[in-house]
Amino acid sequence: MLKLKLDNLLKRFIKGKRVHLKAVGVAIVIILIVICFKGITGRDGSVHARTEIASESTQDKATGETDQVQTEDQTTQVLPVAKKGETIMNTADVKDKANFYAVEFTEESEIFTRIKGKSYKDNCTVPLSDLRYLHVLHVGFDGKTHDGEIICNKYIADDLLEIFEELYEAKYPIEKIKLVDEYDADDEASMADNNSSSFNFRYISYTTKISKHGYGLAMDINTLYNPYVKTVNGKLSIEPANAADYVDRSKDFDYKIDEDDLVYKLFIAHGFEWGGSWKSSKDYQHFEVPDSVVKTLYK
């Protein structure tokens, strides 16, 4: 009896075990199918896992390139647009061509209307085509950036643009850079207001010779603090007249131009001569091209 019972129990166990093992096997197969399916489709069953990673990488790369392009666009200079009777001349070796540039202008230009009958007088012997309008930036005595305007001869246009950009980068203080025409081409009024300028068709003081300014081949800087000084008939002549406090160059004061000054070094490096080196007179504000250049350009 005991043996029979044991045999029956063994048969039941084996039979149950088989059923159990079969169920476990089916479950394992189902689990493997689910795992494989997830690996192919991803959690939402829509995108392949590897494709998703590749897509993210491509998107990141595309975003990076887009960001890079945007950064380049943000730093791209917006160059000036020529107006009627004007041609932009960006030939100078300057970094910031959006703010340091030259303009060739004709009688149709608004620029000409500003200077006609003033710095460009009716008896002016310099062809209009020889002149250039310059736009520059400068640091004023207030420490802020200001727009500057210059009219000069085309021969020195690039030099001036390069010089003034270096002065601006060095934060060299220049109070005003305006066209002398804002003072009705009155040189004394312009200098007395400490204005820095170039072209003004006129003659050298106490002579009948055309000034280098008359050709646009000279530049004056911080004129009040760096006057023109000459003894005439035994009397000291000071231009501007309100600059008497700055005649004695042995004194130490702000905005004084001497041979250690940056503006002196830059103009000399570009081939200009300094009026402060003259013997018969002193023009501390003044930088000009050599006489040989004028003779070559205007025989």
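Note: hydrogens, waters and symmetry copies are ignored here, and every other heavy atom, side chains too, is used.
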May I ask you to check whether Ser109 and Glu86 show a side-chain donor-acceptor distance below 3.5 Å?
yes
With sequence neighbours excluded, residues passing side-chain contact (heavy atoms from CB on, under 4.5 Å) with Asp181
Ile115, Lys118, Ser119, Leu179
Going from NZ on Lys97 to CD on Glu165, what distance comes out if it is rounded to the nearest 0.5 angstrom?
8.5 Å
Does the side chain of Asp220 pick up a donor-acceptor pair with the side chain of His213 at under 3.5 Å?
yes
Would a 4.5 Å heavy-atom cut-off, applied to side chains only, mark Asn200 and Tyr120 as touching?
no
Should Tyr228 and Tyr284 be regarded as members of a common hydrophobic cluster, given that ILVMFWY residues are connected when their side-chain heavy atoms come within less than 4.5 Å of each other, either directly or indirectly?
no
Heavy atoms only: give me the nearest Ser198-Ala218 pair and the separation to one decimal.
OG-O, 2.6 Å
Does any non-hydrogen side-chain atom of Phe267 lie less than 4.5 Å from one of Asp261?
no
Within the side chain of Thr296, is there an N or O that forms a donor-acceptor pair under 3.5 Å with the backbone of Ser292?
yes
Shortest non-hydrogen contact from Cys152 to Ala157?
SG-CA, 3.8 Å
Any chance you could lay out the side chain to side chain contact (heavy atoms under 4.5 Å, CB included) test for Ile88 and Leu79, step after step, and finish with the verdict?
CA-CA 9 Å; Ile88 307 299; Leu79 299 179; over 6 Å; no
Is any side-chain heavy atom of Pro80 closer than 4.5 Å to a side-chain heavy atom of Tyr101?
yes
Between atom CG of Leu262 and atom CG of Asp260, what is the distance when rounded to the nearest 0.5 Å?
11.5 Å
Considering non-hydrogen atoms only, spot the tightest contact between Gly216 and Phe199 and give its length.
N-CD1, 3.7 Å
Take Ile238 and Tyr246 through the side chain to side chain contact (heavy atoms under 4.5 Å, CB included) test and state the conclusion after the steps.
CA-CA 10 Å; Ile238 303 172; Tyr246 309 106; over 6 Å; no
Is the gap between the ring centers of Phe253 and Tyr225 under 6.0 Å?
no
Under the criterion side chain to side chain contact (heavy atoms under 4.5 Å, CB included), I'd like the reasoning laid out for Phe141 against Tyr255: C-alpha separation, chi angles, the key distance, then a yes or no.
CA-CA 10 Å; Phe141 285 2; Tyr255 319 122; 3.5 Å; yes
State yes or no: do Tyr203 and Trp278 share one hydrophobic cluster built from I, L, V, M, F, W and Y residues joined by side-chain heavy-atom distances below 4.5 Å, directly or via other members?
no
Besides Val81, the hydrophobic cluster formed by Ile, Leu, Val, Met, Phe, Trp and Tyr side chains linked at under 4.5 Å, directly or via other members, contains none
A quick test of your reading: do over 12 heavy atoms of other residues, nucleotides or ligands sit less than 6.0 Å from CG of Asp248?
yes
Using ring centroids (six-membered ring only for Trp), state whether Phe164 and Phe100 fall under 6.0 Å.
no
Measure the shortest side-chain to side-chain distance between Ser196 and Lys176 over non-hydrogen atoms and say whether it is less than 4.5 angstrom.
no
Check: Tyr183/Asp193 side-chain N/O donor and acceptor closer than 3.5 Å:
yes
If you take all heavy atoms of Lys282 and Ser277, which pair is closest and at what distance?
NZ-C, 4.0 Å
Quick one: pull up CZ in Phe105 and CD in Glu110 and give me the separation to the nearest 0.5 Å.
12.0 Å
Would you call the rings of Trp274 and Phe287 parallel, tilted or perpendicular, where under 30° means parallel and over 60° means perpendicular?
parallel
Using a 4.5 Å cut-off on heavy atoms from C-beta on, say whether the side chain of Ile221 contacts that of Gln285.
no
Is the NZ atom of Lys116 crowded by more than 12 outside heavy atoms at less than 6.0 Å?
no
List the steps, then state whether side chain to side chain contact (heavy atoms under 4.5 Å, CB included) holds for Asp93 with Asp158.
CA-CA 7 Å; Asp93 186 16; Asp158 287 353; over 6 Å; no
Nearest heavy-atom approach of Glu188 to Ala241 is OE2-N, 2.8 Å
Note: Lys95-Glu169 ion pair, threshold 4.0 Å (strictly below):
yes
Taking C-beta and beyond as the side chain, do Tyr155 and Val289 meet within less than 4.5 Å on heavy atoms?
yes
Is a donor on one side and an acceptor on the other found under 3.5 Å between the side chain of Ser211 and the backbone of Ile204?
no
Spacing of CE belonging to Met219 relative to CG belonging to Leu160, to within rounding of 0.5 Å:
6.5 Å
Would you check if Asn226 and Arg249 make a side-chain contact, meaning some heavy-atom pair closer than 4.5 Å?
yes
Side-chain heavy atoms of His270 within contact of Glu162, under 4.5 Å:
yes
Ring of Tyr215, cation from Lys212 - is the NZ or CZ under 6.0 Å from the centre and inside 45° of the axis?
no
Which atom names give the shortest non-hydrogen contact between Asn194 and Asn222, and what distance separates them?
OD1-C, 2.9 Å
Side-chain donor-acceptor pairs under 3.5 Å in residues 128-137, sequence neighbours left out?
from, atom 1, to, atom 2, distance (Å)
Asp130, OD2, Tyr298, OH, 2.8
Arg132, NH1, Ser129, O, 2.9
Tyr133, OH, Glu149, OE2, 2.5
His135, ND1, Asn99, O, 2.7
His135, NE2, Asp147, OD1, 2.9

